[in-house]
**Student:** 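One structure, pasted below without further comment.
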Amino acid sequence: MRLVIARCSVDYAGRLTAHLPSAPRLILVKADGSVSIHADDRAYKPLNWMSPPCTLKEGEDNVWTVVNKGGEKLVITMEEVLHDSSYELGVDPGLIKDGVEAHLQELLADRIETLGEGYTLIRREYPTAIGPVDILCRDASGATVAVEIKRRGEIDGVEQLTRYLELLNRDPHLAPVRGVFAAQEIKPQARVLATDRGIGCTVLDYNALRGIEDDKLRLF
């Protein structure tokens, strides 16, 4: 991972345009090729970013140009570099999921038809080079579907599923692979991002998956 703290301005050109005026910021360049720009006031969420696969070109005029496979550009104009260092983090062991997420995965795999009539399970914890996909299955037409399961669905979960889909779609035996983001609760921002990327969203009812009736009063 490379960490750069610099006074810079940032321009994004793609499905929309955006501009970040000059200010001190943290720029992260990860081993997977992703580039993200961070401020000091919004926890983990970047101000702007480019997901892999993408290429980074550092120009002699202190302008970084990041381009993804769709031709979208992130142009970072460096005015003053305050810090520039690189660290080798190695292979991450991955997220240890809490009991609820692990149980949701098990229950959904046993009741895969929850996602739709005709769905069949390929396997749970389908291995990839960047970590296991929660569930890999096929829909009624035989198309491959990758499912990422969260207790609370937020933007980082959509980003995680996006990375899995980019990798899985390189496998001719699986492609085309579409994604489903499944959670007990999906935040509005995560739903918007998922929809923009062609990823379906499914809200999971934990009790229904367990076969427990809703105890709320019903008229019928």
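Nothing fancy with the numbering, it's 1 onward along the sequence. Keep in mind it's a predicted model, so treat the numbers as computed, not measured.
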**Student:** Could you tell me whether the side chains of Y164 and E148 share a donor-acceptor contact shorter than 3.5 Å?
**Tutor:**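 No, E148 and Y164 have no side-chain donor paired with an acceptor closer than 3.5 Å.
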**Student:** Can you confirm whether the side chains of Q105 and R124 place a donor and an acceptor under 3.5 Å from each other?
**Tutor:**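 Yes, side-chain donor-acceptor contact under 3.5 Å.
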**Student:** Sub-3.5 Å donor-acceptor pair from the side chain of D139 to the main-chain atoms of Y119, do we have one?
**Tutor:**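 Checked: no pair found.
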**Student:** Compare all side-chain heavy atoms of V158 with those of D156 and state whether any distance is below 4.5 angstrom.
**Tutor:**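 Contact flag for V158/D156 side chains = no.
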**Student:** Please tell me if the side chains of R7 and L82 come closer than 4.5 Å, counting only heavy atoms from C-beta onward.
**Tutor:**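 Answer no - side chains too far apart.
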**Student:** Is it true that a side-chain atom of R25 and a backbone atom of A39 form a donor plus acceptor pair closer than 3.5 Å?
**Tutor:**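 Checked: no pair found.
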**Student:** Give a yes or no on whether V81 and I37 share a hydrophobic cluster (residues Ile, Leu, Val, Met, Phe, Trp, Tyr; joining criterion: side-chain heavy atoms under 4.5 Å apart).
**Tutor:**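 Same hydrophobic cluster.
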**Student:** For a 4.5 angstrom cut-off between non-hydrogen side-chain atoms, does S34 reach M50?
**Tutor:**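 S34 vs M50: side chains apart.
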**Student:** Would a 4.5 Å heavy-atom cut-off, applied to side chains only, mark L28 and R2 as touching?
**Tutor:**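 No - every pair of side-chain heavy atoms lies 4.5 Å or more apart.
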**Student:** According to side chain to side chain contact (heavy atoms under 4.5 Å, CB included), who are the partners of R123, at least two apart in sequence or on a separate chain?
**Tutor:**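 Per chain and number, R123 pairs via side chain to side chain contact (heavy atoms under 4.5 Å, CB included) with Y126, P127.
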**Student:** Please tell me if the side chains of C137 and V145 come closer than 4.5 Å, counting only heavy atoms from C-beta onward.
**Tutor:**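 They are in contact (side-chain heavy atoms under 4.5 Å apart), so the answer is yes.
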**Student:** Among D110, T114, L115, whose side chain to side chain contact (heavy atoms under 4.5 Å, CB included) with I112 holds?
**Tutor:**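 Only one of D110, T114, L115 forms a side chain to side chain contact (heavy atoms under 4.5 Å, CB included) with I112, namely L115.
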**Student:** Would you say R138 and T144 are linked by a side-chain donor-acceptor pair, where the criterion is simply a distance under 3.5 Å?
**Tutor:**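 Present: a donor and an acceptor within the cut-off.
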**Student:** Just checking, is any N or O donor in the side chain of K150 or Q160 under 3.5 Å from an acceptor N or O on the other one?
**Tutor:**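 Present: a donor and an acceptor within the cut-off.
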**Student:** May I ask you to decide if L20's main-chain N or O and S9's side chain share a donor-acceptor pair within less than 3.5 Å?
**Tutor:**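 No; zero donor-acceptor contacts below 3.5 Å.
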**Student:** Considering only distance and modelled atom types, tabulate donor-acceptor pairs under 3.5 Å from the side chains of residues 185-192, sequence neighbours left out.
**Tutor:**
| residue | atom | partner | partner atom | Å |
| --- | --- | --- | --- | --- |
| E185 | OE2 | K187 | NZ | 3.2 |

**Student:** Atom CG of residue position D40 - does it have more than 12 heavy atoms of other residues, nucleotides or ligands inside 6.0 Å?
**Tutor:**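 Counting other residues, nucleotides and ligands, CG of D40 stays at 12 neighbours or fewer.
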**Student:** Looking at side-chain heavy atoms only, is the closest gap between Y206 and H103 below 4.5 Å?
**Tutor:**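 Yes; the side chains approach each other to less than 4.5 Å.
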**Student:** Are the charged groups of K30 and E159 less than 4.0 angstrom apart, N to O?
**Tutor:**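 No.
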**Student:** Could you check whether H38 and S36, counting side-chain N and O atoms only, form a donor-acceptor pair closer than 3.5 Å?
**Tutor:**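 There is such a pair between these side chains.
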**Student:** Does some side-chain heavy atom of L3 sit less than 4.5 Å from a side-chain heavy atom of L26?
**Tutor:**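 L26 vs L3: side chains touch.
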**Student:** Decide yes or no for L136 and V147: does some side-chain heavy atom of the first lie under 4.5 Å from some side-chain heavy atom of the second?
**Tutor:**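 Counting from C-beta outward, L136 and V147 never come under 4.5 Å.
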